[in-house]
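All remarks here apply to the structure that follows.
None of these values were measured; they are calculated from a predicted model. Each ligand, and each atom within it, is numbered from 1 in the order the structure gives.
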Amino acid sequence: MFSFNDIEQYHLDLKHQKTSCKTAVQFYLDSIASQTHLNAFVEVYAEEALNRALALDNLRLEGKVIKRLHGVVIALKDVICYKDHKVTAASKILNGFVSMYHASVVQYLLDEEAIIIGTCNCDEFAMGSSNENSSYGNVLNPIDNTKVPGGSSGGSAVAVKANMCMISLGSDTGGSVRQPADFCGIVGLKPGYGSVSRYGLIAFASSFDQIGIFGNNIKDVTLVLEIISKTDDYDSTMNQKQSLENIYQQLEVKTIKNYRIAFFKEVMNHPMLDFEIKNQIKNQLDALKNEGCIVEEIDFDLLDYVVPTYYILTAAEASSNLSRYDGVRYGHQTSEKTNSLNEYYVKNRSEGFGKEVKRRIMLGNFVLSSGYMDAYFTKAQQVRTLLIEKTTAVFKNYDVIVMPTSPVTAFKLNEKKKDPVQMYLADIFTVFANLTGIPAISIPLFKHNNGMPFGLQILSKKENELTLLQFAQQLSTQNKN
Ligand code: GLN
């Protein structure tokens with residue numbers, strides 16, 4: 001029987017021939033096959049993954065030095081390009097589309113001898129918070145099948161939680177890695193904007209999108225971050241000086257550090273915040289204070305503006321990014337007869353896109369239209385600048401900001417689907433990091449009395465994932481003991 005703890009232990013077991021890559025892949029394939037009701041995968045590369053596992057096992061037997069992700073079984077969200085494999089963003093409009101190249105992150109994973117096991121279900125074009133907007137159907141929460149797994153990277157979160165892979169990649173434009181990690185009780189990291197190449201990630205809102213990592217523990221997530229954060233000439237928005245080369249070795253600090261921690265008054269007093277989530281996080285903050293950390297409440301009077309600002313700007317960017325799907329250059333083509341090119345575009349797009357994507361395209365075109373541009377788009381850009389300035393000022397005095405990842409635990413399927421505004425408002429604590437471009441992580445520390453897990457969200461200064469991860473590691477080790 002195969003069991004996975006972390007990558008380091010797995011590599012030791014491989015070294016001592018207690019297990020093999022083939023055993024690991026077979027275990028995950030069986031696990032995927034026995035849990036198809038969760039609908040986490042869009043496609044599984046069973047034969048290919050087994051062949052690669054065998055090849056890697058042979059390499060080891062020949063005595064070759066293994067690479068850092070040797071035999072690590074990884075799943076990809078269906079928005080990340082893997083050469084010669086289908087990628088559809090869970091949309092009918094990309095039905096049958098095959099990627100012509102590797103996303104840079106995929107190349108980096110393969111270079112380190114990882115095994116890609118398949119692609120994971122998600123909300124269409126990564127738009128959603130519950131994985132109820134996929135052309136492949138809903139994904140179910142493995143802890144309670146009547147609940148959503150979160151979104152938009154719901155399949156990737158479930159794949160890790162339900163033992164279908166060791167690590168998965170998702171994308172986080174407004175919380176799509178952290179919120180499903182929170183709902184499923186695992187670790188979910190959104191690196192800072194510019195820390196990981198977006199080349200080969202299907203774009204939703206380009207100034208917000210980041211590829212993120214799901215894992216069972218912070219160590220593994222850190223190792224994968226170190227690997228996928230390599231600088232990349234194909235993404236001009238990447239940080240020029242990359243500081244993440246040796247973060248894995250620096251993760252464990254010998255002496256416990258007393259961090260300076262801020263939390264926002266408006267967040268902790270927010271009417272949408274579940275009472276028990278609030279209490280357990282308050283207790284955690286008290287415990288940190290007792291241990292010697294500086295824990296201070298600060299004002300953040302812009303909180304009410306983050307959701308509207310996020311939805312205006314991301315819809316605007318999405319309406320532009322998604323204009324390429326016209327059925328001529330990409331994607332679904334109508335089988336009905338049309339009389340003009342315009343009608344042909346309209347038919348292709350009307351048939352290919354789902355409801356939520358159409359809503360965002362319309363909203364985006366509206367806020368960019370000449371009569372409303374200043375009132376909405378320009379105003380939202382100004383708010384974004386204010387948010388960035390305010391956040392930079394906070395990090396002059398504090399190492400990290402701490403808050404809940406979501407105001408509620410995983411909700412019921414169909415509970416919020418009919419009311420998009422309610423769905424959007426639930427993103428209130430995650431969109432802040434994307435608006436400001438800072439790194440953020442959700443770590444699974446708590447259990448609600450309704451039986452569901454929930455996490456603590458930690459945020460740090462841009463280009464300072466190290467502090468974020470060290471603090472997260474210290475906290476989760478303390479909570480285990
Ligand atoms: N729930 C948010 C949205 O629907 C976030 C999505 C994401 O991060 N991809 O826009």
Side-chain angles (χ1 to χ4, degrees), residues 76-80 89-91 120-134 139 148-157 168-184 188-193 196 198 201-214 272 306-319 321-322 353-364 367 380 384 405-408 410-411 415-417 419-442 457 459:
L76 304 173
K77 182 178 182 178
D78 187 28
V79 289
I80 298 173
S91 180
C120 289
N121 202 346
C122 58
D123 282 305
E124 184 179 1
F125 282 99
M127 296 173 187
S129 313
S130 62
N131 221 129
E132 294 173 293
N133 300 331
S134 164
V139 177
V148 302
S152 63
S153 319
S156 299
S168 66
L169 295 189
S171 64
D172 189 315
T173 303
S176 282
V177 168
R178 288 160 287 152
Q179 185 254 26
D182 175 85
F183 281 13
C184 292
L189 170 73
K190 179 199 92 75
Y193 188 79
V196 172
R198 289 181 295 113
L201 167 69
I202 292 180
F204 162 9
S206 309
S207 76
F208 294 75
D209 297 340
Q210 270 298 280
I211 289 174
I213 308 160
F214 292 98
M272 273 180 74
V306 296
V307 170
T309 306
Y310 168 82
Y311 276 93
I312 288 170
L313 295 178
T314 53
E317 293 188 22
S319 69
N321 274 327
L322 270 59
F353 288 132
K355 203 169 165 183
E356 182 60 27
V357 174
K358 285 179 188 159
R359 183 181 289 127
R360 308 267 181 132
I361 292 174
M362 287 192 283
L363 183 65
V367 300
R384 189 177 197 186
T405 306
S406 164
V408 290
F411 42 87
E415 190 181 317
K416 292 190 198 287
K417 201 180 170 186
D419 188 347
V421 174
Q422 278 310 310
M423 190 76 96
Y424 298 170
L425 284 172
D427 294 337
I428 181 155
F429 303 144
T430 48
V431 297
F432 168 67
N434 306 77
L435 280 159
T436 53
I438 61 176
I441 193 168
S442 180
Q457 186 182 195
L459 308 96

Under 4.0 Å from ligand 1 - residues by heavy atom, chain and number: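 Protein residues near ligand 1 are A126, M127, G128, S129, S152, D172, T173, G174, G175, S176, F204, Y310, Y311, R360, D427.
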So, do Y310 and Y424 have ring centers that fall under 6.0 Å from each other?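 So the answer is no for these two rings.
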Passing candidate, salt bridge (Lys or Arg N to Asp or Glu O under 4.0 Å) with D172, options K190, R198, R178: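 Among K190, R198, R178, the one meeting salt bridge (Lys or Arg N to Asp or Glu O under 4.0 Å) with D172 is R178.
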Please determine, by modelled atom types, if E124 and S91 share a side-chain donor-acceptor pair under 3.5 angstrom.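 Yes, a side-chain donor-acceptor pair sits under 3.5 Å.
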Test of understanding: with ring-ring contact (aromatic ring centres under 6.0 Å, His included), list the residues that count as partners of Y193, not counting sequence neighbours.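 Not a single residue meets the ring-ring contact (aromatic ring centres under 6.0 Å, His included) criterion with Y193.
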To the closest 0.5 Å, what do you measure between CD1 (I312) and CG (L363)?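 CG of L363 is found 7.5 Å from CD1 of I312.
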If you draw the axis of the six-membered ring of F353, does the NZ or CZ of R360 fall within 45° of it and under 6.0 Å from the ring centre?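 Not flagged: R360 not positioned over aromatic ring of F353.
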